[in-house]
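Every value quoted in this text rests on a predicted model; they were computed, and no experiment measured them. Letters go in sequence order (proteins before strands), and every chain restarts at 1.
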There are 2 protein chains.
Amino acid sequence: MTRSEENYLKIIFHLGGSDSTPITTNAIAEQMETKPSSVTDMAKKLAEKGLVNYKKYQGVSLTDQGTKTALSIIRKHRLWEVFLVKKLDFSWDEVHEVAEQLEHIKSEKLIDKIDELLEFPKFDPHGDPIPSKDGKFMVRDKQLLSEMPIGGKGVCVGVKDSSAPFLKFLDKNKIALGHTIQVLEIEDFDQSLHIAMEGRELHISHQIASNLYVKKNE
Amino acid sequence: MTRSEENYLKIIFHLGGSDSTPITTNAIAEQMETKPSSVTDMAKKLAEKGLVNYKKYQGVSLTDQGTKTALSIIRKHRLWEVFLVKKLDFSWDEVHEVAEQLEHIKSEKLIDKIDELLEFPKFDPHGDPIPSKDGKFMVRDKQLLSEMPIGGKGVCVGVKDSSAPFLKFLDKNKIALGHTIQVLEIEDFDQSLHIAMEGRELHISHQIASNLYVKKNE
DNA sequence: ACCTATTTTTAGTTTTGTCTAAATTTAATT
DNA sequence: AATTAAATTTAGACAAAACTAAAAATAGGT
Ligand SMILES: [Mn+2]
Ligand SMILES: [Mn+2]
Ligand SMILES: [Mn+2]
Ligand SMILES: [Mn+2]
């Protein structure tokens with residue numbers, strides 16, 4: 001497996017899709033920041049290796065083997081992110097770039113030992129689940145803060161947008177995973193929210209709320 | 001800097017050499033497990049970038065810039081080796097292969113944090129010095145065990161051959177860095193040695209003794 | 001059913017790093 | 001000094017992964 005092949009598989013996985021609704025060449029090209037013609041070439045190569053299903057003009061979907069491989073890269077990526085935050089004091093907006101490199105290190109023992117050192121974390125710093133060695137991962141019952149009703153209360157468990165600017169914005173406003181949030185009011189005019197969090201009140205735009213995941217309290 | 005360029009610089013550094021005694025194309029090719037013609041191509045490219053001095057048929061030597069770059073790769077390699085041994089319980093015969101990959105990760109912050117986590121080690125698991133950020137490293141006063149006189153006593157501080165088979169042999173015979181060794185007798189016939197170490201006596205071949213570094217006691 | 005806009009593929013190039021085979025230079029020996 | 005052997009470079013080719021431009025297929029709208 002080359003680094004490029006691994007990146008393609010990871011991106012195809014993240015784009016979702018299935019045998020019945022395959023991912024388009026264009027969608028992959030956009031995520032890979034490459035041209036559709038390059039994607040076609042790679043689709044053929046990955047199909048040749050049995051990692052994706054590909055029929056001309058129909059798009060691409062992962063085979064079981066391809067899914068397994070994608071999950072193992074994602075597992076490495078997320079474990080390294082946890083490592084960087086927990087052991088090396090990186091902030092959550094700095095880890096992705098480095099993890100993009102570290103996820104390609106080839107050593108099963110290495111990643112298993114990192115997993116052990118971190119005491120087998122189930123989620124990465126952005127709240128995304130970490131697949132186990134055999135490709136299983138937790139699907140947490142979460143919803144976007146923007147979809148919570150007035151009065152709704154929950155714990156912040158993840159971010160949808162995990163770009164550095166958004167994460168830095170959250171830091172600046174002391175919004176962090178694990179904090180309890182209650183929706184106090186929603187403005188009709190622009191869907192902006194008044195929320196209560198950790199004993200203080202703040203006002204956030206709809207755009208922010210629609211990028212924060214919350215786990216509802218029963 | 002590509003991964004290949006980094007590997008060339010590292011190998012040229014390890015081969016020693018200087019402006020007056022440059023490294024031959026063949027020597028580099030052998031270490032890189034590649035062909036001399038490929039080395040010629042790379043020599044031109046590195047010369048173009050100001051990392052090596054190269055004159056046709058005369059061989060290659062590192063410029064200051066090239067030396068600096070080589071040392072930064074070696075620094076990363078050795079720090080990762082320490083990390084693997086100290087934090088992840090790798091044995092010293094397993095770390096090299098993984099460090100060969102990790103040394104190419106591009107993040108100054110990452111390696112500085114690893115350095116800090118390890119409390120700024122000065123030597124790697126094989127006794128090799130770890131260059132500091134500005135390229136300085138300790139040159140320890142050491143000599144080969146095979147060059148010690150009868151009765152000579154010292155602490156084992158490094159290995160010359162750090163191949164897995166040799167390291168495993170040392171483990172099996174409980175020979176480790178930090179142990180005190182005294183030469184009891186040297187066989188005339190085959191230069192093999194009787195040594196005392198950690199309260200026991202053992203017999204080792206000349207070949208073993210000529211791959212162990214010892215720091216003489218004053 | 002036909003035309004058109006969009007998507008996707010093909011064909012041909014480029015760059016990086018490698019190779020083989022041939023040519024050239026250097027070094028060693030007579 | 002001439003010959004020969006060894007080391008080194010050149011020339012031409014290839015595979016991987018990208019690109020551009022042109023051709024082909026699909027999907028939408030009439
Ligand atoms: Mn990430
Ligand atoms: Mn993440
Ligand atoms: Mn090593
Ligand atoms: Mn080492």
* Asked: Under 4.0 angstrom, heavy atoms only, what part of the nucleic acid is B:S38 near: base, sugar-phosphate, or nothing?
  -> base
* Asked: With a non-hydrogen cut-off below 4.0 angstrom, is B:T25 in contact with a base, only sugar-phosphate, or nothing?
  -> sugar-phosphate
Distance in angstrom units between [X] [atom1] and [N] [atom2], rounded:
| X | N | atom1 | atom2 | value |
| --- | --- | --- | --- | --- |
| B:L46 | C:dT16 | CG | C1' | 13 Å |
| B:E5 | C:dT16 | CD | C1' | 9 Å |
| A:Y57 | C:dT8 | OH | C1' | 5 Å |
| A:E6 | D:dA16 | CD | P | 16 Å |
| A:E30 | D:dA18 | CD | P | 17 Å |

* **Residues that A:H203 engages under ring-ring contact (aromatic ring centres under 6.0 Å, His included), provided they are two or more places apart** => A:H194
Nearest listed nucleotide, side chain of [X], among [options]:
| X | options | value |
| --- | --- | --- |
| B:Q58 | C:dT26, C:dT20, D:dT20 | C:dT26 |
| B:K44 | D:dT10, C:dT18, C:dT10 | D:dT10 |
| B:K35 | D:dC19, D:dA24, C:dT20 | C:dT20 |
| B:T40 | D:dA18, D:dT8, D:dT9 | D:dT9 |
| B:N26 | D:dA7, C:dT10, C:dT8 | D:dA7 |
| B:T2 | D:dA18, C:dT16, D:dT9 | C:dT16 |
| A:K56 | C:dC19, C:dT9, C:dT18 | C:dT9 |

* Where the side chain of A:T63 meets the backbone of A:G50, is there a donor-acceptor pair that is under 3.5 Å apart? -> yes
* For the side chain of B:H126 and the backbone of B:W92, is there at least one donor-acceptor N/O pair under 3.5 Å apart? -> yes
* Distance-only side-chain donor-acceptor flag, A:S91 / A:D93, under 3.5 Å -> yes
* Asked: Taking only side-chain nitrogens and oxygens of A:Y8, does any of them come within less than 4.0 Å of OP1 or OP2 of D:dA16?
  -> no
* To do: Could you tell me whether the phosphate oxygens of D:dT10, OP1 or OP2, come under 4.0 Å of any side-chain nitrogen or oxygen in B:S37?
  => no
* Structure fact -> By nearest-nucleotide position on DNA chain D, the 5'-leaning member of A:E33 and B:Y54 is B:Y54
* Contact nearer the 5' end of DNA chain D, comparing B:G59 with A:D41 -> B:G59
* May I ask you to check whether over 12 heavy atoms, not counting those of B:E30, lie within 6.0 Å of atom CD? => no
* Asked: Is a donor-acceptor contact shorter than 3.5 angstrom present between the side chain of B:T24 and the base of D:dT8?
  -> no
